[in-house]
Amino acid sequence: MVILGINFMFHDSSACIIKDGELVVALEEERFTRNKHDVVFPQKSIEQCLKVAKLTYDDIDHIALSFKPSLDIGRKIAFILKHPAIILKNINLHILRYYWRYRLINKWYKATFSGAKKPSLHFVPHHKSHIAGSFFCSPYQEAALLSMDGSGEWATASLGYGSGTDITEFKRVFFPNSMGSIYEAITHFCGFKPSYDEGKTMGLAPMGNSKTFIDVVRTIINVAEDGDLLIDFSYFDFDDGQFEYLSEKFYQTFGSRRLPHEDFEQHHMDVAAAFQVRLEEIGLELCKILRAKTKADYLVIAGGVSLNSVMNGRIVRESGFKDLYVMPAAGDNGTSIGAAYYVHNAILKNPRPAPHMNPYLGTEYSNEQIEFVLKECKLSYEHYDDIEKKTAELLHAGNILCWFQGRMEIGPRALGGRSIIADPTRKEMKDKINAEVKHREAYRPFAPSAIKEAAADYFETIVEDPFMLKVCMVRKDKVDILPAITHVDGSARLQTVDVNTHPRYHKMISEFGKLSGVPVILNTSFNIMGEPIVESPYHAVRCFFSTGLDYLVIGNYVVRK
């Protein structure tokens with residue numbers, strides 16, 4: 001049985017293939033269009049998915065889409081009627097948009113499957129796509145379920161319970177009661193792009209003092225006994241035709257907004273800190289409700305808010321759950337996977353798949369294909385059989401490297417498939433990579449990748465984190481050893497690397513450990529600010545020569561400038 005999963009409703013268009021219950025391939029459209037968070041119909045991703053899976057359109061039995069256009073339509077209309085100043089904008093965003101995308105998918109469906117065989121078409125609600133994709137891929141047979149984002153069809157959060165192939169939803173929260181939207185508003189306040197730069201806000205928060213504003217923020221956002229969000233909307237502006245998120249009362253309370261490219265003032269950092277802390281507290285309060293209602297030992301969390309790895313780290317440490325699972329593409333990019341698995345497991349009642357702990361679901365290029373590109377670009381290069389050892393030597397010498405190996409990872413975090421890597425023991429690396437390679441804000445931290453066997457020696461971690469989505473603290477006696485990956489508050493967004501999941505990456509870090517005494521490397525995504533992670537050898541070469549990188553390690557080849 002072959003199921004094609006598609007997401008293209010809100011942002012981060014993507015596609016995937018599930019074959020007999022196995023997730024064979026999953027791709028994000030942005031990697032091919034080179035437009036970050038692209039929302040276009042994922043035609044290129046679909047074609048590449050079929051190519052990787054060695055299938056044709058005739059092999060597809062079911063198509064799962066991660067939205068249901070008719071869901072909560074009455075709630076949308078009621079909201080629009082209560083807010084006449086934005087009626088035209090809301091009709092465009094929440095009704096016409098659905099209508100045109102629904103027409104687009106049907107037009108594509110009829111044109112693509114014009115023969116006798118037509119796969120069944122399923123429209124799966126957005127939050128079910130979020131949570132199903134995580135739960136059915138998780139290692140848990142039963143778990144509490146929490147999904148949070150800006151909004152789906154109209155829901156902004158979902159609380160439930162999963163057991164086997166059954167998902168029970170016992171609470172939905174509706175727009176405008178949305179932690180995702182509030183965090184977007186704070187991202188806007190800090191001078192960043194909402195629904196795009198929330199990671200920058202999370203990284204900025206430790207630079208501020210949360211105590212300055214936390215008391216007033218706690219009066220703005222609260223949680224009801226049933227899990228509903230209680231928000232004081234006098235601080236937020238939903239009637240403004242420009243939908244600028246924040247009201248005059250907000251600015252009177254918290255100060256002026258930072259405009260893009262302006263310097264940060266202390267109150268910007270303090271606001272980011274306070275709302276980040278409140279998000280963590282809200283997450284913990286929802287977990288308390290889930291623990292009491294489900295009695296589950298484990299938690300599955302999904303949706304764009306679940307990419308807030310600082311919140312996830314606190315949930316691991318303080319919620320009472322033994323561990324939590326967040327899929328690497330926990331935002332909308334992963335809803336194609338979720339919709340497909342919801343059809344496979346919840347609708348068709350097929351058995352659960354094996355736990356999916358492998359994020360490397362994308363395209364792959366052989367040494368022959370890589371060498372062809374290098375020759376076509378007229379580059380000098382050297383071949384190494386033991387590329388892991390050579391890479392470790394270059395890292396230990398203080399070089400900044402591009403690392404392009406194996407299948408591309410899914411999701412926003414580089415996990416050793418398409419990464420930029422460096423020596424984390426060199427203090428100057430953070431500033432150097434931010435300025436000369438990534439071309440981004442100087443405060444932005446970098447993440448460590450550590451071999452799983454040694455992670456606990458350097459980090460205060462009690463669980464594995466293969467997807468870099470649970471922030472932990474660097475051990476106090478190791479902070480001075482790892483200055484390039486330790487954030488100002490002593491934290492780090494750790495990736496634990498398993499030898500069975502990515503043997504080449506694991507071996508390279510181990511070889512670096514032999515030379516440095518520290519089996520940990522600095523790892524950031526192989527791209528520059530504003531661009532998606534590289535997909536092909538051509539993208540890798542272009543990015544390498546447009547930045548301050550020293551070497552490109554691609555397959556078994558090393559390219560130098």
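In this chain, residues are counted from 1 in sequence order.
For Lys200, the salt bridge (Lys or Arg N to Asp or Glu O under 4.0 Å) criterion is met by Asp197, Glu441, not counting sequence neighbours. For Glu47, the side-chain contact (heavy atoms from CB on, under 4.5 Å) partners two or more places apart in sequence, or in a different chain, are Gln43, Tyr57. Taking Glu460 as the reference, Met473, Arg475 meet the side-chain contact (heavy atoms from CB on, under 4.5 Å) condition, with sequence neighbours excluded.
Side-chain N or O atoms of Arg407 include one that pairs as donor or acceptor with a backbone N or O of Leu361 at under 3.5 Å. Using a distance-only test at 3.5 Å, with no hydrogens or angles considered, a donor-acceptor pair links the side chain of Asn7 to the main chain of Asp332. Between the Lys514 side chain and the Pro519 main chain, no donor and acceptor come within less than 3.5 Å of each other. With Asn399 contributing its side chain and Leu394 its backbone, the two residues share a donor-acceptor pair below 3.5 Å. A donor-acceptor distance shorter than 3.5 angstrom exists from the side chain of Arg352 to the backbone of Tyr140, with no hydrogens or angles considered. The main-chain N or O of Pro194 is never found under 3.5 Å from a side-chain atom of Thr187 such that the two would form a donor-acceptor pair. A donor-acceptor pair is defined here as one N or O able to donate and one able to accept, closer than 3.5 Å; no such pair exists between the side chain of Ser336 and the backbone of Ile6. Judged by distance alone, with hydrogens and angles left aside, the side-chain atoms of Asn345 form a donor-acceptor pair with the main-chain N or O of Pro351 at under 3.5 Å. Using a distance-only test at 3.5 Å, with no hydrogens or angles considered, a donor-acceptor pair links the side chain of Ser306 to the main chain of Gly303. In terms of modelled atom types and a separation under 3.5 Å, the side chain of Asp465 and the main chain of Lys470 share a donor-acceptor contact.
Distance check, rounded to the nearest 0.5 Å: CG of Leu279 to OG1 of Thr201 gives 11.0 Å. A distance of 11.5 Å separates CD of Glu371 from CD1 of Ile554, quoted to the nearest 0.5 Å. Atom OG of Ser525 and atom CD of Glu409 lie 9.0 Å apart (nearest 0.5 Å). With values rounded to the nearest 0.5 angstrom, Asp550 atom CG is found 8.5 Å from Glu436 atom CD. The SG atom of Cys16 sits 8.5 Å away from atom CD1 of Ile410, with the distance rounded to the nearest 0.5 Å. Separation of atoms CD (Glu453) and OG1 (Thr496) is listed at 10.0 Å; rounding is to 0.5 Å.
Between Phe526 and Leu552, the closest side-chain pair of non-hydrogen atoms falls below 4.5 Å. For the pair Cys287 and Leu299, the minimum side-chain heavy-atom distance is below 4.5 Å. Side-chain contact check for Trp403 versus Tyr505: some heavy-atom pair is nearer than 4.5 Å. Side-chain contact between Ile509 and Ser449 is present, with at least one heavy-atom pair separated by less than 4.5 Å. Using a 4.5 Å heavy-atom threshold, the side chains of Met468 and Pro412 count as separate. For the pair Met202 and Ser309, the minimum side-chain heavy-atom distance is below 4.5 Å. No side-chain heavy atom of Ile337 sits less than 4.5 Å from a side-chain heavy atom of Phe136. Pro448 is listed as a side-chain neighbour of Phe459, based on a closest heavy-atom distance under 4.5 Å.
The environment of CG in Asn35 is crowded: more than 12 heavy-atom neighbours from other residues, nucleotides or ligands sit within 6.0 Å. Around atom NZ of Lys36, more than 12 heavy atoms belonging to other residues, nucleotides or ligands sit under 6.0 Å away. Residue Asp477 places its CG atom among more than 12 non-hydrogen atoms of other residues, nucleotides or ligands, all under 6.0 Å distant. Counting heavy atoms of neighbouring residues, nucleotides and ligands inside a 6.0 Å radius, atom CZ of Arg542 does not exceed 12 of them. The environment of NZ in Lys478 is crowded: more than 12 heavy-atom neighbours from other residues, nucleotides or ligands sit within 6.0 Å.
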Checking side-chain contact (heavy atoms from CB on, under 4.5 Å) for the pair Glu511/Thr391: CA distance, chi angles, key distance, verdict?
-> CA-CA 9 Å; Glu511 291 291 340; Thr391 301; over 6 Å; no
Where do Phe467 and Val326 land on the side-chain contact (heavy atoms from CB on, under 4.5 Å) test, with the steps shown first?
-> CA-CA 8 Å; Phe467 307 143; Val326 189; 5.9 Å; no
Could you walk me through whether Lys507 and Asp386 pass side-chain contact (heavy atoms from CB on, under 4.5 Å), step by step?
-> CA-CA 10 Å; Lys507 182 180 178 183; Asp386 195 347; 3.6 Å; yes
Is there a side-chain contact (heavy atoms from CB on, under 4.5 Å) between Ser491 and Val310 once you walk through the steps?
-> CA-CA 9 Å; Ser491 67; Val310 177; 5.9 Å; no
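No cation-pi contact links Arg278 to Tyr183, judged by a cut-off of 6.0 Å to the six-membered ring centre and 45° from its axis. For the pair Arg418 and Phe404, the cation-pi test (distance below 6.0 Å, angle within 45°) is passed. A cation-pi arrangement, defined by a distance under 6.0 Å to the six-membered ring centre and an angle within 45 degrees of its axis, is present between Lys561 and Phe544.
For residues 26-56, every residue pair satisfying the ring pair (Phe, Tyr, Trp, His ring centres under 6.0 Å) rule, not counting sequence neighbours, is listed here: Phe8-Phe41, His37-Tyr196, Phe41-Trp108. Among pairs with a residue in residues 355-384, those fulfilling ring pair (Phe, Tyr, Trp, His ring centres under 6.0 Å) read Tyr360-His502, Tyr381-Tyr557, His383-Tyr557, at least two apart in sequence or across chains. Residue pairs meeting the ring pair (Phe, Tyr, Trp, His ring centres under 6.0 Å) criterion with at least one partner in residues 310-337, sequence neighbours excluded, do not occur; the list is empty.
With respect to Arg258 and Glu262, no salt bridge is recorded, no charged nitrogen being found less than 4.0 Å from a carboxylate O. Between Asp59 and Lys19, none of the side-chain N atoms (NZ, or NE/NH1/NH2) sits under 4.0 Å from a carboxylate O, so this pair counts as no salt bridge. With respect to the salt-bridge test (charged N to carboxylate O, under 4.0 angstrom), the residues Lys44 and Glu535 do not qualify.
Ring centroid separation for the pair Tyr443 and Phe264 comes in under the 6.0 Å cut-off.
Closest heavy-atom contact between Ile17 and Val2: CG2-CG1, 4.2 Å. Nearest heavy-atom pair across Asn556 and Arg504 is OD1-NH2, 3.3 Å. Minimum interatomic distance between Ile3 and His344 (heavy atoms only, all atoms of both residues): CD1-CB, 3.5 Å.
For the residue pair Ser66 and Ser129, no side-chain donor N or O sits within less than 3.5 Å of a side-chain acceptor on the partner.
The side chain to side chain donor-acceptor pair (under 3.5 Å) with Ser45 is formed by just one residue from the set Glu30, Glu29, Glu28, Arg31; it is Glu29.
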